[in-house]
There are 2 protein chains.
Amino acid sequence: MSRIITIGREFGSGGREIGKRLSDELGIAYYDNEIISQIADRTKLAEGYVQHVMENGPSTLYPITIGRSFYMGVDPIMEQNNAIYREQSRLIQEFAEKSDCVIVGRSADYILREKHPFRLFVYAEMEHKMERCKKRAPESEHFTDKELKRHILDVDKRRARYYQFFTGQTWGDRLNYDLCINTSNYDIKELVHAIAHLVEA
Amino acid sequence: MSRIITIGREFGSGGREIGKRLSDELGIAYYDNEIISQIADRTKLAEGYVQHVMENGPSTLYPITIGRSFYMGVDPIMEQNNAIYREQSRLIQEFAEKSDCVIVGRSADYILREKHPFRLFVYAEMEHKMERCKKRAPESEHFTDKELKRHILDVDKRRARYYQFFTGQTWGDRLNYDLCINTSNYDIKELVHAIAHLVEA
């Protein structure tokens, strides 16, 4: 199997931890948030803005007035957002050219499809995701259970929309992945050894 | 993880071979078609009939005339079919009580839910399933590609209907499984070692 590993994940399922630990176990590179800072660097856009566009997805691509105007020229906001997507795609290709690696999120499974990466999708039951989020929340964060559940669903809704827009595929649909793993009943450390075996199979 | 392992699988994906090899690797029992013969034995129904009901699912539960009659008493065909389902459930519970085991199909993941089995779902891309079916077909079988594809889709449609009727859950929905694995890019023998690691994780 390929040692270029892409990870799609439900929010709170432990996908990022799996990615980090897997890269350690296999001794290969790991990319996650550095993608945002590098895109900011290349596009000369603010890091916060890049992150906002990448997290909120394509709905922010269109200014509210677009339906009411007949302006058909180049829209500067749309252009800026397209530049972010182009740069992301280019960067991920460069990472995968450079060496074996783990890339979390960013539709990397689709961007790298010609390299046949090992495509992992990580998910869990809602109660486990909530528990995990609570354990990892900064002290300043005070969500009620209802708010937390809503937050988890919201993040995943944005991820699904982003993935759909960018790839034309359905986020989390098993056919887009080699392995889908439910972390609800697992200790993540133990799990990573087993996934490493699957990657090497 | 539990060493009671249930396997749901798309037709042609290699789920049965994985089940058999996994039971060998872990040194535990394996149940598949023997379930049908044992049910036939217990219900005193013909094995072919039991198999037909179990493969065609709940649509055969209702005789065609049911909508036109006002007969509300016990329907003998429905009763017979219910007996098959009851016996299947009882038998699978007995297997799981007796020892660690691998059970392929039969909604065993749901039937054994209180024992928290390791729930595996095996799938593959259509072209791989077709290729696998062709390799394993008896010489007398002559499907065109179109017919074969239709056959694969038909079998899975029946499995999905059966599972839905029996469990109220969606067949193949990742949340009903601990692990969903796409066999398209794998050698099944290699894969089984890695799955065994996951079961033991």
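Worth saying up front: this structure is predicted, and the values here are computed from it rather than measured. Letters go in sequence order (proteins before strands), and every chain restarts at 1.
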Discussion item. A quick test of your reading: do over 12 heavy atoms of other residues, nucleotides or ligands sit less than 6.0 Å from CD of B:E147?
Written reply: yes

Discussion item. Restricting to non-hydrogen atoms, name the atom on A:L175 and the atom on B:A124 that form the minimum distance, rounded to 0.1 Å.
Written reply: CD2-O, 3.8 Å

Worksheet item: More than 12 heavy atoms of other residues, nucleotides or ligands under 6.0 Å from NZ of B:K189: is that the case?
Response: no

Worksheet item: Rounded to the nearest 0.5 Å, how far does CD1 of B:I181 lie from CG of A:L179?
Response: 5.0 Å

Worksheet item: So, does A:R174 use its side chain to make a donor-acceptor pair with the main chain of B:G172 at under 3.5 Å?
Response: yes

Discussion item. So A:F118 and B:N185, do their side chains get closer than 4.5 Å, heavy atoms only?
Written reply: no

Worksheet entry | Taking every non-hydrogen atom, the tightest pair across B:L198 and A:Y186 | O-OH, 3.2 Å

Discussion item. For A:H128, give me all partners under ring-ring contact (aromatic ring centres under 6.0 Å, His included), at least two apart in sequence or on another chain.
Written reply: none

Practice prompt. Answer yes or no: are there more than 12 heavy-atom neighbours, outside A:E94 itself, under 6.0 Å from its atom CD?
Written response: yes

Worksheet, complete the sentence: Interatomic distance, SG@A:C180 vs OH@B:Y177, rounded to 0.5 Å, equals 12.0 Å

